[in-house]
Amino acid sequence: MSLSVTDLSIARGGIPVLEGLSFRLVPGQALILRGPNGIGKTTLLRTISGLQPPVSGQVDGAEDQIAYAGHSDGIKPTLTVTENLKFWASVFGAGAIDKALAAYELETLADRAAGALSAGQKRRLGLSRLLVTGRPIWVLDEPTVSLDVRAVEMFANAVRGHLATGGSAIIATHIELGLDGETLDVGPYRAKPPEPDDFDGGFL
Amino acid sequence: MIALLMRDLKLAFRAGGGFGLGLAFFLIVTIMVPFSVGPQSDLLSKIAPGVLWLGALLACLLSLDRLLALDWEDGSLDLLATAPLPLESTVTIKSLAHWLTTGLPLVLAAPVLGVLLNLPAAGYLWLVVSLVLGTPALSVIGTFGAALTVGLKRGGLLLSLLVLPLYVPTLIFGAEVARRGAIGMETQTPLMMLAGITAASIALLPFASAAVLRVNLR
């Protein structure tokens with residue numbers, strides 16, 4: 001299942017942020033998104049995930065294929081690590097959570113309430129959710145925030161494993177993950193400010 | 001779907017989940033009314049159906065702002081929106097979980113509290129019937145209100161202002177069923193209206209809630 005984005009323009013809060021963006025993502029490929037803060041990486045990822053409509057252009061092949069991980073992990077503090085993960089596994093119709101727990105070394109924390117985890121441990125739990133979704137395209141928004149070096153390595157390994165089994169991933173990140181994938185700098189696609197019309201232009 | 005329902009129920013019963021908030025409020029209101037009205041048992045028995053219904057409605061309202069806001073804050077709502085479950089079923093399940101943790105306890109507590117208000121013996125059955133039929137509408141309408149205000153910090157005021165007018169028909173017909181039942185009049189007309197409102201709310205509002213939620217998630 002490949003994802004293709006054609007001539008996409010997106011806006012945040014009514015202000016255009018990126019325009020004319022096109023790319024293709026084929027199985028086994030990782031795409032690293034780069035760009036300064038506020039350029040519209042999160043908006044782009046939310047648009048691809050179907051959480052908001054594009055201003056113009058098309059996203060094809062995303063329907064029911066995407067596992068999205070944003071800035072928040074969707075973790076309930078009063079449920080245990082296992083309960084949180086089991087919930088997402090059953091929502092996505094996938095079964096076992098053992099592999100996901102093992103991939104991020106969460107086994108020893110399995111029975112702890114998620115509210116008692118550290119920020120990095122929460123993030124690991126949030127990322128392990130991707131493994132139980134069974135979805136082929138991972139859309140990740142700064143997944144390595146608050147992870148230590150070891151956990152970043154666990155994450156990179158999880159992504160490599162995912163790519164090896166025919167999955168693909170779009171990752172917006174500011175750090176070097178050591179993944180071999182294409183890098184897309186969204187900076188050049190920054191939307192031009194709207195042309196002032198004649199009335200406003202007369203004052204400039 | 002069942003997983004979502006079980007999770008919501010589990011969360012409600014865990015610490016800080018808010019289960020019992022509505023029930024405690026309902027309890028307080030109905031216990032305080034005899035004190036404020038004074039020892040006039042004939043007056044109390046006259047106003048009992050209305051007070052019980054109003055108490056149940058306000059108790060329901062009290063727990064609405066947590067209905068979707070918590071899932072919004074921790075990002076679960078974004079993830080649920082991208083999950084295979086359609087957003088319409090998600091909000092329906094949320095309404096159901098709200099009813100099970102708020103509406104149902106109110107229904108069960110109402111007859112006990114009726115004693116405190118000197119509710120006439122004939123009224124108990126009709127009180128319970130009207131609450132069973134009416135409280136699901138309160139949960140579904142409340143979910144709609146919660147979906148409308150989900151992105152707002154401290155949206156409780158706006159939520160109450162939006163939801164209370166929508167609660168009025170349910171309150172009027174629900175209380176009317178209980179009142180007529182208590183004085184031995186026939187209850188068919190308000191009962192039909194109440195059931196109609198509930199059925200229409202359950203049938204239509206989940207779609208509206210899902211639609212506004214999609215807009216709010218942008």
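What you see is a predicted model; the values in this text were computed from it and never measured. Order of the sequence lines fixes the chain letters, A, B, ..., with proteins taken first and strands second; residue numbering starts at 1 for each chain.
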Let's test your reading of the structure: which of B/Leu80, B/Ile2, B/Leu85 forms the most heavy-atom pairs below 4.5 Å with chain A?
B/Leu80
Honestly, the part of B/Leu77 sitting under 4.5 Å from a heavy atom of chain A is neither
Under 4.5 Å heavy-atom distance to chain B, tell me which part of A/Arg12 shows up: side chain, backbone, both or neither.
neither
So what's closer than 4.5 Å to chain B heavy atoms on A/Ile66: side chain, backbone, both or neither?
backbone
Salt bridge (charged side-chain N to carboxylate O under 4.0 Å, His left out) for B/Arg66 and B/Glu73? Distances and angles first, verdict last.
CA-CA 10 Å; B/Arg66 306 170 57 94; B/Glu73 276 164 21; over 6 Å; no
For a quick check under 3.5 Å, do A/Thr133 and A/Trp88 share a side-chain donor-acceptor pair by atom type?
no
B/Thr198 side chain to B/Leu133 main-chain N or O, any donor-acceptor pair under 3.5 Å?
yes
Between A/His71 and A/Glu142, does any side-chain donor sit less than 3.5 Å from a side-chain acceptor?
no
Look at A/Ser49, A/Gly50, A/Gly13, A/Pro53 and state which one has the largest set of heavy-atom pairs under 4.5 Å with chain B.
A/Pro53
Worked verdict on A/Lys41 versus A/Asp141 for salt bridge (charged side-chain N to carboxylate O under 4.0 Å, His left out):
CA-CA 8 Å; A/Lys41 297 187 295 296; A/Asp141 195 357; over 6 Å; no
Checked A/Thr47, A/Leu79, A/Asn84 vs chain B; the most non-hydrogen pairs under 4.5 Å come from A/Leu79
